[in-house]
Amino acid sequence: MNAIETHALTRRYSRTEALAGLNLAVPEGAVFALLGPNGAGKSTTLKILMNLLSPSSGTATVLGVDSQKLGPDDRTRIGYISENQKLPLWMSVRQLLDYCRPFYPTWDRNLEARLLEQFDLPPERKLRHLSRGMLMKAALLSSLAYRPKLLVLDEPFSGLDPLSRDDFVQGIIEASELGEWTVLIASHDIEEVERFADHIGLLEDGRLRISETTESLLRRFRRIELRDASPGARPTPMPAAWLDWEQSGDLVRYVDTKHDPAIQAVSPASMTAQSMSLREILIVLARQQRLQRKGVAA
């Protein structure tokens, strides 16, 4: 079952198409990272899912409800945090939690206390006197304490220092380990996301280019090196699964996007296949997209 589904979701701003027929499925219980450069359509997608924007066409369902019909009862099952989170700065951390608690029947006081200690938040300090990192942790705590079925995070790492990022990530990991909720995070901070996401979606120009488990994505991409290659070894036509081809003398390098370990096992000793990080994979795909826009063969 999917916690989130979109079908042909489109959003236009005058002549600009921020989303172009997006078909997205976020499995229930997944920690799904929606990645892409600034302007790819990530925040637009999340705002439509949260009914903060209306789609130009297409549909979106969140926890089985049409996103445009989300009501107060539905929102008690959803936590939403954005980089532009607005909090009542005149309140203290404790006052914020006391204010939020009655709105959520599922609020867990034990989880609240545990996260308050883990995040090292000063309960009596006014929110206006907290750093940005502390404010984001306060927002995360107030969204986790009622154990939402869905946690939606829009660029939560923006402007955070390394320690605050680590605390924030640990909070998300703790949420996902409880196994009771789904997490959808939109971000361009690949290194942070790689630590905890089990599903990856790559959004480019409002279109979903990749959507699969992190394990599958990391398994099928390999950087290939072939020594003792003959001059002009580049095949014509180039296999669609091969990207970033380059040759220097008798050394050939390329990225195989559909690596088959069985084939690798019988390959010559002069060929090696190296695993790639998520960041390396996304850079290769971004470079390929740029070449395609320019009409240049990979």
Side-chain angles (χ1 to χ4, degrees), residues 1-6 22-37 40-42 45-46 49 62-63 144 148-157 165-166 168-204 207-225 239-244 253-267 271-289 298:
M1 181 176 175
N2 293 321
I4 292 172
E5 290 186 6
T6 73
L22 179 66
N23 295 312
L24 176 68
V26 177
E28 194 173 77
V31 182
F32 193 107
L34 189 61
L35 303 176
K42 304 187 300 297
T45 300
L46 266 54
L49 293 175
V62 178
L63 300 179
L144 290 179
K149 292 296 183 183
L150 173 65
L151 179 64
V152 178
L153 307 169
D154 188 3
E155 298 288 0
F157 307 115
R165 284 174 176 238
D166 191 66
F168 203 92
V169 168
Q170 289 304 316
I172 298 171
I173 291 173
E174 174 152 347
S176 62
E177 285 178 346
L178 291 174
E180 300 174 358
W181 36 36
T182 304
V183 179
L184 173 61
I185 177 169
S187 179
H188 60 266
D189 290 285
I190 301 170
E191 290 88 351
E192 301 294 350
V193 164
E194 191 169 11
R195 296 168 57 186
F196 59 83
D198 54 33
H199 283 69
I200 299 294
L202 177 60
L203 198 60
E204 290 181 341
R207 293 172 171 80
L208 193 65
R209 184 167 186 189
I210 282 177
S211 182
E212 62 185 285
T213 66
T214 310
E215 179 183 9
S216 168
L217 185 61
L218 294 175
R219 185 174 59 243
R220 69 182 179 89
F221 272 76
R222 288 293 184 272
R223 190 173 295 280
I224 307 297
E225 284 194 358
W242 292 6
L243 305 177
D244 257 17
R253 293 189 181 94
Y254 63 93
V255 172
D256 185 358
T257 66
K258 294 183 179 180
H259 178 68
D260 186 342
I263 294 177
Q264 177 63 31
V266 297
S267 297
M271 178 179 287
T272 59
Q274 301 174 343
S275 59
M276 301 173 65
S277 69
L278 181 59
R279 178 181 179 81
E280 290 172 328
I281 291 171
L282 296 185
I283 286 175
V284 167
L285 292 174
R287 186 180 297 123
Q288 172 69 7
Q289 183 72 6

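For this chain, numbers begin at 1 and follow the sequence in order.
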Trainee: Roughly how far, to the nearest 0.5 Å, is the CD atom of E280 from the CG atom of L285?
Mentor: 12.0 Å

Trainee: Would you give the length of the straight line joining atom CD1 of I210 to atom CG of L202, rounded to the nearest 0.5 angstrom?
Mentor: 5.5 Å

Trainee: Is any NZ, NE, NH1 or NH2 atom of the basic residue among R195 and D166 found under 4.0 Å from an Asp or Glu carboxylate oxygen of the other?
Mentor: yes

Trainee: Evaluate the criterion side-chain contact (heavy atoms from CB on, under 4.5 Å) for residue pair L34 and I200; output intermediate values, then yes/no.
Mentor: CA-CA 6 Å; L34 189 61; I200 299 294; over 6 Å; no

Trainee: Using a 3.5 Å distance criterion without hydrogens, assess whether the side chain of S187 forms a donor-acceptor pair with backbone atoms of E155.
Mentor: no

Trainee: Would R253 and D244 count as a salt bridge (Lys or Arg N to Asp or Glu O under 4.0 Å) here? Give the steps.
Mentor: CA-CA 8 Å; R253 293 189 181 94; D244 257 17; over 6 Å; no

Trainee: Who are the side chain to side chain contact (heavy atoms under 4.5 Å, CB included) partners of A25, not counting sequence neighbours?
Mentor: N2

Trainee: The criterion is side-chain hydrogen bond (donor to acceptor under 3.5 Å, both in side chains); which residues satisfy it with D256, sequence neighbours excluded?
Mentor: none

Trainee: Might you confirm whether atom CD of Q274 has over 12 heavy atoms from other residues, nucleotides or ligands at distances under 6.0 Å?
Mentor: yes

Trainee: Which value, rounded to the nearest 0.5 Å, describes the distance between S275 atom OG and L218 atom CG?
Mentor: 8.5 Å

Trainee: How far apart are the C-alpha atoms of Q288 and R209, what are their side-chain angles, what is the distance that settles it, and do they pass the side-chain contact (heavy atoms from CB on, under 4.5 Å) test?
Mentor: CA-CA 12 Å; Q288 172 69 7; R209 184 167 186 189; 3.5 Å; yes

Trainee: With sequence neighbours left out, what residues match I190 under side chain to side chain contact (heavy atoms under 4.5 Å, CB included)?
Mentor: L278, R279, L282

Trainee: As an exercise, state the distance from CG of D260 to CZ of R219, rounded to the nearest 0.5 Å.
Mentor: 11.0 Å

Trainee: Per the salt bridge (Lys or Arg N to Asp or Glu O under 4.0 Å) rule, what does the pair list look like for residues 22-31, sequence neighbours excluded?
Mentor: none

Trainee: Does the E192 side chain pair with the main chain of D189, one donor and one acceptor, at a distance under 3.5 Å?
Mentor: no

Trainee: How long is the straight-line distance from CG of L63 back to CD1 of I4, given to the nearest 0.5 Å?
Mentor: 7.0 Å

Trainee: Could you please spell out the steps behind the side-chain contact (heavy atoms from CB on, under 4.5 Å) verdict for R222 and V255?
Mentor: CA-CA 6 Å; R222 288 293 184 272; V255 172; over 6 Å; no

Trainee: Is the shortest side-chain heavy-atom distance between L24 and F32 below 4.5 Å?
Mentor: yes

Trainee: Could you measure the distance from the CZ atom of F221 to the NZ atom of K258? Nearest 0.5 Å is fine.
Mentor: 10.0 Å

Trainee: How close do T214 and A197 get, counting heavy atoms only, and between which atoms?
Mentor: OG1-O, 2.9 Å

Trainee: Closest heavy-atom contact between S211 and L208?
Mentor: CB-CD2, 3.7 Å

Trainee: So, for V193 and A33, which heavy atoms are closest and what is the spacing to 0.1 Å?
Mentor: CG1-CB, 3.1 Å

Trainee: Go through the structure and list residues passing side-chain hydrogen bond (donor to acceptor under 3.5 Å, both in side chains) with N23, not counting sequence neighbours.
Mentor: none

Trainee: Quick check: does any side chain N or O of R207 sit under 3.5 Å from a backbone N or O of A40, one acting as donor and the other as acceptor?
Mentor: no

Trainee: Do you know which two heavy atoms are closest between A286 and E204, and how far apart they sit?
Mentor: CA-OE2, 3.9 Å

Trainee: Determine, step by step, whether T272 and I224 satisfy the side-chain contact (heavy atoms from CB on, under 4.5 Å) criterion, reporting the C-alpha distance in whole Å, the side-chain angles of both residues, the deciding distance to 0.1 Å, and the verdict.
Mentor: CA-CA 6 Å; T272 59; I224 307 297; over 6 Å; no

Trainee: Can you tell me if D198 uses its side chain to pair, donor with acceptor, with the backbone of A30 under 3.5 Å?
Mentor: no

Trainee: Ignoring hydrogens and angles, tell me if any N or O in the side chain of T257 forms a donor-acceptor pair with the backbone of A241 under 3.5 Å.
Mentor: yes

Trainee: Under the criterion side chain to side chain contact (heavy atoms under 4.5 Å, CB included), which of L150, V26, T182 is the partner of V62?
Mentor: L150

Trainee: How about L35 and L203: do any of their side-chain heavy atoms sit closer than 4.5 Å?
Mentor: no

Trainee: Might you point out which heavy atoms bring A186 and K42 nearest each other, and give the distance in Å?
Mentor: CB-CB, 3.8 Å

Trainee: Of all the heavy-atom pairs spanning L46 and L153, show the shortest one and how long it is.
Mentor: CD2-O, 3.5 Å

Trainee: Of all residues at least two apart in sequence or in a different chain, which pass the side-chain hydrogen bond (donor to acceptor under 3.5 Å, both in side chains) check with E212?
Mentor: S216, R220

